[in-house]
Structure formats: C-alpha cells, structure tokens
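Just so you know, these numbers use all the heavy atoms, side chains as well, and skip hydrogens, waters and symmetry mates. Residue numbers begin at 1 in each chain, while the letters A, B, ... track the order of the sequences.
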There are 2 protein chains.
Amino acid sequence: MITAAVKHTGHRHPRPRSAAIVDDIIAQLSQQGYRDTEPRRLVINAAAAQRRPFTAEELCAALPCVGRATVYRGLRLLVETEQVCRVLLEDRELRYQLSHQGHHHHLLCAACGASADLANCDVDALLQEAAATAGFQMSGHWLEIYGRCADCAVV
Amino acid sequence: MITAAVKHTGHRHPRPRSAAIVDDIIAQLSQQGYRDTEPRRLVINAAAAQRRPFTAEELCAALPCVGRATVYRGLRLLVETEQVCRVLLEDRELRYQLSHQGHHHHLLCAACGASADLANCDVDALLQEAAATAGFQMSGHWLEIYGRCADCAVV
DNA sequence: TATCCAACTGATACGGAGTATCATAATGAT
DNA sequence: ATCATTATGATACTCCGTATCAGTTGGATA
C-alpha cells in the first residue's frame, strides 16, 4: 500500500511549494465529484505558478502537452468552483488568477501587470444601497480597479 | 442658399425626435475635426433609436446599407469622444448606449435588459481611498451593477 | 483486481467579435 | 472647381472561446 505522503506525483525532485495548492484544489474538486486527472493537475499547477494574472492562451503555451480545449475547460471549471477568479483588464482582455478566499476586488497595475486584492471594502454595501434607492435589486456586480501599484507609482 | 432649418436630411417625413440628438453629436464631432458623413449619421441615428443597450452587431443588422466596418468604426469613434458608453454584461457581452453626461455607472436589468444610470454615487471616492490605503494610485475603474430593475423586481 | 459507465481528453472544426487592408469615394477647406 | 485628407465598404484575417466526437481514463462496484 502506498500512503499519500509517499505516493509519487511524477516529479523526481522535491515537490514544489505549489504542490500543496494543487492537492488542495484537487481535493475540493473531488469533493464535488470532479475527477483527479493528470491534465487537470497540470493546469492547476501552471496556474499556481503564475505570478501575475494570466491569460488562457498563456497557460496553453506553458502547457504544450495539454490540449487547448482542456486548458480552457480546466479554467472554466476552476472559475465555476471559485478556485480561480477572472480579471478584466482595461482593454477587456480576460485574465485569471488563483482566488484568495472570499469576495474581493482587484487593484490592477497598468505598469507591471500585478494584481493586489482589495478586501475589507464596503463598496458592495454602498452599491446595494445606491441601487436600492433607484428601485433596483442588485444581485451582482463587476468591478475592476486600474492604476499603479506602490512599486510602480509615479512620484 | 439653403438654411440649416430647411436643409433636407434625406427624410420625407417630419424629423424624428432623435434628429436633434444626431445633429448635436455631429456638431461635437465636427468641432473635433471629424467629418459629417451620411453613414456616420445613420449610425448615430440608429444608436439613438435604441431603447436598450445594444450590440455592434445589432446596429449592423439595423443598418444593412452601412458597411460592418463602418458601424464598428463609428461606434469606436463615439466611445472615444464619449458620446456613447460601453456596457459590459455579466456574460462579458459588450453593449453600447448613448452617454447621458458625466461619469456614472450602470444598473443593468438581467430580466428586461434595461439600463439605468447610477449617478451621484461616491463609489469613486471610496475606491480611490481604499486603493490608496493599499499604496495604489487609482487611475480608473470599470464597474457594472447587475440585478433587476423596479419593473422586473421579484416580490 | 476485473468490470464498466460516466467523466474526461485532445484534435479539429467551427463561430462570433472585432480589426487590418486597400482601392474607391466623399468631405470641406481653399 | 480643386485637392489633400478623411471616410467608406468589401473582404480577408486574427483571436478567443466553444462544440463535436471518437477514443481514453478514473474510480466506484463487486
């Protein structure tokens, strides 16, 4: 019998630090009835390796041995299960990044492409209220914030 | 000599109420060096005739005698000159609608497709501040609000 | 550990949305 | 009326994402 700790993952080297993330996501997917497959792991792993919001095509390029459709399907599944969130750039380019828990918005740096999470912000409540004033039942929203991060800020 | 009031616009019937809007927009474009052309007027007129945010393809369909590229170019020009604003639906479909002055956001009804303007809302200030707290210089944002308008509200 | 079905994959084709190209036409300043 | 500039329209093209479908794989079951 092979225990989880000893089980090979296909890597000859020590498991990268992203392996835990992959396992965690795979576990959550399994719980929801989705299978643990090699291509799916590769997609999650590649997504976790990104340091910036990335495009689906970038993932495809990073995973030449995984079919394009599979990459797209994998991303879609991850978005649906809220493991990954979608980010919209100013030019409407769609990018992705791993979710870091709960509802939040993104501060997107136009200079370096970095993304910072904006949590603990009561925009939602404000919008809900403003919408209600107009007799509108708000059910959702899309908000992206553009500018420059601390590192790229113009002095 | 033909005065502006008498000048024919190609209509045999009384000028539709949108004609004033078209003239106004054309005037603003002229001021910026853009020409007053028939296809461009047709695009503006068709845009003004819409009651809901519309897609570029819908305009194309409504203007079979105007080239598709021209419709797209016209819309792009109108967006650049801020005569028309872009609206993003939840499924990322891009729509357009005439601008109604100043910065504002849209309340988009998922049931009937209507759009209401949300003005006099200090979201911007709130975001600016929240972003600054994270050391982020905000330069812009994209915000769309989804839900149900007063008419379509679920009781 | 053998069986089996549902889920998954990958190659491919397809479709929609928007843009580039370029020869021709129209505008409006002179 | 002339003429340089801008605009148009037909078309081809790119890009992004999805549908299709035959073949494969995962993992539940016994």
task = Write down the distance between CG (A/Leu59) and C1' (D/dG17), rounded to a whole number of angstrom.
result = 14 Å
request  = Let me know the distance between CZ of B/Arg92 and P of C/dG16, rounded to the nearest Å.
outcome  = 17 Å
message = Of the listed nucleotides (C/dG28, C/dG18, D/dA7), which one gets closest to any side-chain atom of B/Ala56?
response = C/dG18
note = To the nearest 0.5 Å, atom CG of B/Leu75 lies from atom OG1 of B/Thr70 at 11.0 Å
note = Separation of C/dA26 atom C1' from B/Ile26 atom CD1, nearest Å, is 14 Å
request  = Give the nucleotide from the list D/dG17, C/dT9, C/dG18 with an atom nearest to the side chain of A/Pro39.
outcome  = C/dT9
task = Would you mind reporting whether A/Arg92 and B/Leu88 have side-chain heavy atoms less than 4.5 Å apart?
result = yes
remark   = d(A/Arg95 CZ, A/His106 NE2) to nearest 0.5 Å is 13.5 Å
message = Less than 4.0 angstrom between a side-chain N/O of B/Tyr72 and OP1 or OP2 of C/dG18, yes or no?
response = yes
note = Listed range with range, the stems formed with DNA chain D by at least 3 consecutive Watson-Crick or G-U pairs (under 3.5 Å) are C:1-30 with D:1-30
note = Rounding to 0.5 Å, atoms CD1 (A/Ile21) and CD1 (A/Ile26) come to a distance of 13.0 Å
Nucleotide C/dA7, atom P - distance to CG of A/Leu29 in whole Å = 15 Å
query = When the distance from CZ of B/Arg41 to P of C/dT27 is rounded to whole Å, what number comes out?
reply = 11 Å
inquiry  = It should be established whether A/Arg40 places a side-chain nitrogen or oxygen under 4.0 Å from OP1 or OP2 of nucleotide C/dT9.
reply    = yes
ask   = Has the side chain of B/Arg35 got a donor or acceptor atom sitting under 3.5 Å from an opposite partner on the base of D/dT5?
value = yes
key: Side chain to side chain, A/Gln97 and A/Arg52, heavy atoms closer than 4.5 Å   = no
message = What is the distance, to the nearest angstrom, from the CD atom on A/Gln31 to the P atom on D/dG26?
response = 21 Å
key: A/Glu82 atom CD, over 12 foreign heavy atoms within 6.0 Å   = no
remark   = In whole angstroms, the gap separating P of D/dC16 from CG of B/Leu94 amounts to 16 Å
ask   = Heavy atoms under 4.0 Å, any strand shown: does A/Arg73 hit a base, just sugar-phosphate, or nothing?
value = base
query = Does atom OH of A/Tyr72 have more than 12 heavy-atom neighbours, drawn from other residues, nucleotides or ligands, at distances under 6.0 Å?
reply = yes
message = If you take any heavy atom closer than 4.0 Å to DNA chain D, which residues from residues 60-71 of chain A end up in contact?
response = A/Arg68, A/Ala69
ask   = More 5' along DNA chain D: A/Thr37 or B/Leu77, using each one's nearest nucleotide?
value = B/Leu77
ask   = So, B/Gln137 side chain and A/Val154 main chain: donor-acceptor pair closer than 3.5 Å or not?
value = yes
query = Quick one: A/Arg95 CZ to D/dC16 P, roughly how many Å, whole number?
reply = 10 Å
query = With a cut-off of 6.0 Å (strictly less than), are more than 12 heavy atoms of other residues, nucleotides or ligands near CD of B/Glu129?
reply = no
query = Parallel under 30°, tilted from 30 to 60°, perpendicular over 60°: which one fits the rings of A/His141 and A/His105?
reply = tilted
